Colleague: 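Quick one: the structure is below, and I'll ask about it shortly.
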Amino acid sequence: VIFGMHVVLASLSQHPERIVVLYLQNEDKKYFELIKLAKKHHIPIEYQSKDRFQKLTHSSQHQGVAASCIKQPILSEKNLDVILANQANP
């Protein structure tokens with residue numbers, strides 16, 4: 001789970017395929033861009049209570065925004081050669 005307005009917006013903009021569900025605290029207009037991107041990429045939106053957000057994020061600093069993501073593998077410098085070999089212009 002990732003949370004916070006800017007983190008979730010960046011993920012929706014750059015890697016929407018990694019987002020499974022977008023969680024919002026309400027339908028406030030400040031979430032317009034998040035909602036628009038989620039709908040564009042067919043990502044389900046769930047509205048949660050403030051208490052549920054705190055349990056979901058283990059934080060009170062969530063800004064009413066969170067997203068469940070596909071777990072990414074942890075990479076190290078050992079993976080760098082393979083990553084660079086797969087890039088068009090390293």
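In this text the structure is predicted, and so the values were computed from the model without any measurement.
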Colleague: Applying salt bridge (Lys or Arg N to Asp or Glu O under 4.0 Å), name anything that partners E33, two or more places apart in sequence or on another chain.
Modeller: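 With sequence neighbours excluded, E33 shows a salt bridge (Lys or Arg N to Asp or Glu O under 4.0 Å) to K36, given in chain and number order.
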Colleague: Establish whether I70 and V7 are linked, either directly or via other cluster members, by ILVMFWY side-chain heavy-atom contacts under 4.5 Å.
Modeller: no
Colleague: Without placing hydrogens or testing angles, list every side-chain donor-acceptor pair under 3.5 Å for residues 11-18, not counting sequence neighbours.
Modeller:
{"from": "S13", "atom 1": "OG", "to": "L9", "atom 2": "O", "distance (Å)": "2.9"}

Colleague: Is there any side-chain hydrogen bond (donor to acceptor under 3.5 Å, both in side chains) pair reaching into residues 22-31, and which pairs are they, with sequence neighbours excluded?
Modeller: none
Colleague: Can you hop from I43 to I2 via hydrophobic side chains spaced under 4.5 Å?
Modeller: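 In one cluster: yes.
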Colleague: Is there a path from F3 to L56 through hydrophobic residues (I, L, V, M, F, W, Y) whose side chains come within less than 4.5 Å of each other?
Modeller: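 Result: no, two separate clusters.
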Colleague: Share the residues that join I74 in a hydrophobic cluster, the rule being Ile, Leu, Val, Met, Phe, Trp or Tyr side chains under 4.5 Å apart at the heavy-atom level.
Modeller: none
Colleague: Can you hop from F32 to L24 via hydrophobic side chains spaced under 4.5 Å?
Modeller: no
Colleague: By the ring-ring contact (aromatic ring centres under 6.0 Å, His included) test, which pairs, at least two apart or in different chains, include something from residues 34-54?
Modeller: F53-H62
Colleague: Let me check something: do V1 and I19 share a hydrophobic cluster, defined by ILVMFWY side-chain heavy atoms less than 4.5 Å apart, either directly or through other members?
Modeller: no
Colleague: Enumerate the residue pairs fulfilling salt bridge (charged side-chain N to carboxylate O under 4.0 Å, His left out) with a member in residues 40-57, sequence neighbours excluded, ordered by first and then second residue.
Modeller: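 Qualifying pairs: none.
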Colleague: Does some side-chain heavy atom of L34 sit less than 4.5 Å from a side-chain heavy atom of I45?
Modeller: no
